[in-house]
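Note sheet for the following structure.
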Protein chains: 2
Amino acid sequence: MADEKWSEAGEAVTALILDVFRLNGRLQLAGDRLVAELGLTSARWQILGALAQADKPESVAWHARNMGVHRQGVQRIVNELANEGIIELLPNPQHKRAHLVVLTSKGQKVYEEAIALQVPWVNDLSEGLAVDDITTAQEVISLLRERLLTASNS
Amino acid sequence: MADEKWSEAGEAVTALILDVFRLNGRLQLAGDRLVAELGLTSARWQILGALAQADKPESVAWHARNMGVHRQGVQRIVNELANEGIIELLPNPQHKRAHLVVLTSKGQKVYEEAIALQVPWVNDLSEGLAVDDITTAQEVISLLRERLLTASNS
DNA sequence: ATTGGTTTGACAATGCGTTGTCAAAGTCGT
DNA sequence: ACGACTTTGACAACGCATTGTCAAACCAAT
């Protein structure tokens, strides 16, 4: 492969990457606005989702690994949400320091309210788009993500 | 449209959005690593790109508008890059405060070095991907971005 | 049981983006 | 001209993610 010029796929992926950056900014903004009235942000919302979908209570570090982000970021938000009574830190019989994180009933309610806002929002956003095209887009995005994941672990 | 359940497209877009978030994080990381040796970051790189592709010198606020981000973020990085001699602030005959931002020859060189690193990286990343699929993905991403853009301006 | 490595949470520093405020500079309507 | 509005840069505060360090807790090998 020549080092000085893009391949055809390389050029297309470069354009895709630039659009992913721009879309990410917009999504972040839209997400923040959507759930702001619930006292949530995109980052808080994502953590609530991880807690809601976990089969059983897990530690902060476990969730961070599962989400592919760093412990510290999750920890800060978890502490805030715990102070607000949205989540709860249960003692962990297996590990004295690694508390188990769970949603409180209040947290469960907030999360469901967030979903109730997201559903009409995303249905409206995606109206008229071909499901096949969306799926193709998701597969491409997902593949690139996996390649970067394995590349960064080497 | 029912408010309680995702449409088929809505569900697919929801999955796509989650992958866009994850890919964005990986790309940011990979970009930072790629150009770290040049003293750049993803954010700095993006601003150099905007300057390099501008037809003529423009103000910080103009570039921020053009990139779809806020003045303040661009301003901070522009000031840093100016201190490092990578860009230069020219006096603007039209406006005493709004200096015109241009790349120095050193900045031009750094930007070209960044591209020289990006080309083999992206060619490798996109190897074996169908160009049609990439293009479809980019069109979907771009369309979503435009819808969010017009929605946020209302 | 002691040692050494791993996991975990606490804490701090930095980079980046957003939001808001302020004053200087420019623009437009009258 | 004059005043109202807009644009622009400076400054500050906050939210978020990354990186690094530290000590407590756990775990495995001997």
Side-chain angles (χ1 to χ4, degrees), chain A residues 21-36 39-48 50 57-84 87 89-101 152, chain B residues 21-36 39-48 50 57-84 87 89-101 152:
Chain A
F21 283 153
R22 299 192 192 102
L23 177 61
N24 185 77
R26 294 289 165 191
L27 284 173
Q28 199 83 25
L29 214 64
D32 284 343
R33 287 179 185 171
L34 193 63
V35 295
L40 294 182
T41 61
S42 292
R44 285 171 163 224
W45 187 8
Q46 190 186 352
I47 289 177
L48 290 192
E58 299 283 358
S59 70
V60 166
W62 186 93
H63 281 295
R65 263 196 311 274
N66 197 39
M67 285 188 272
V69 298
H70 289 210
R71 297 192 329 275
Q72 289 82 340
V74 177
Q75 187 76 50
R76 189 180 58 78
I77 295 179
V78 160
N79 290 341
E80 287 178 7
L81 292 175
N83 285 332
E84 297 174 18
I87 66 181
L89 297 173
L90 303 177
N92 183 353
Q94 307 295 318
H95 196 303
K96 199 177 289 183
R97 301 191 71 191
H99 293 156
L100 300 175
V101 191
S152 67
Chain B
F21 283 152
R22 298 193 192 103
L23 176 61
N24 185 78
R26 293 291 166 190
L27 284 173
Q28 199 83 26
L29 213 63
D32 284 344
R33 287 179 184 171
L34 193 63
V35 294
L40 294 181
T41 62
S42 291
R44 285 170 165 228
W45 187 8
Q46 190 186 352
I47 289 177
L48 291 193
E58 299 282 358
S59 70
V60 166
W62 186 93
H63 281 295
R65 263 196 309 275
N66 197 38
M67 285 188 273
V69 299
H70 288 210
R71 297 193 327 274
Q72 289 82 342
V74 177
Q75 187 77 51
R76 189 178 56 78
I77 296 178
V78 160
N79 290 341
E80 287 178 7
L81 292 175
N83 284 333
E84 297 173 19
I87 66 180
L89 297 173
L90 304 177
N92 183 353
Q94 308 295 317
H95 194 303
K96 199 175 289 184
R97 302 191 69 190
H99 294 155
L100 299 175
V101 191
S152 68

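Order of the sequence lines fixes the chain letters, A, B, ..., with proteins taken first and strands second; residue numbering starts at 1 for each chain.
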Name the pairs: protein N/O against N/O of nucleotides 22-27 of chain D, kept only if under 3.5 Å.
| from | atom 1 | to | atom 2 | distance (Å) |
| --- | --- | --- | --- | --- |
| D/dA24 | N3 | A/R97 | NH1 | 3.1 |
| D/dC26 | OP1 | A/K96 | N | 2.7 |

Contacts satisfying side-chain hydrogen bond (donor to acceptor under 3.5 Å, both in side chains) that involve residues 61-74 of chain B (not counting sequence neighbours) are none
Look for any protein N or O under 3.5 Å of an N or O in nucleotides 16-18 of chain D and output each such pair with its distance, or none.
| from | atom 1 | to | atom 2 | distance (Å) |
| --- | --- | --- | --- | --- |
| D/dC16 | OP1 | A/T41 | OG1 | 2.3 |

Do the side chain of B/N92 and the main chain of B/A98 share a donor and acceptor less than 3.5 angstrom apart?
yes
query: Does the side chain of B/N24 come within less than 4.5 Å of A/L23's, by heavy atoms?
result: no
Practice item. Ignoring backbone atoms, test whether B/Q75 places a side-chain nitrogen or oxygen under 4.0 Å from the OP1 or OP2 oxygen of D/dA10. Key: yes
When rounded to whole Å, the NE2 to P distance for the pair B/H99 and D/dT8 reads 14 Å
Indicate yes or no: at least one non-hydrogen side-chain atom of B/F21 is less than 4.5 angstrom from one of A/Q46. no
Rounded to whole Å, CG of B/L40 lies from C1' of C/dC16 at a distance of 15 Å
Between B/A43 and B/I77 the two heavy atoms that sit nearest each other are CB-CD1, 3.6 Å
Rounded to whole Å, the CG-P distance (B/L81 to C/dC16) equals 9 Å
To the nearest angstrom, the CG-C1' distance between A/L89 and C/dA10 comes to 14 Å
From NE2 of A/H63 across to P of C/dT7 the rounded distance in Å is 18 Å
Side chains of A/V101 and A/L81, heavy atoms from C-beta outward: is any pair under 4.5 Å? no
Between A/D32 and A/S42, is any side-chain donor less than 3.5 angstrom from a side-chain acceptor? yes
Within the distance-only criterion (no hydrogens, no angle test), does the side chain of B/R44 pair as donor or acceptor with the backbone N or O of B/G39 below 3.5 angstrom? yes
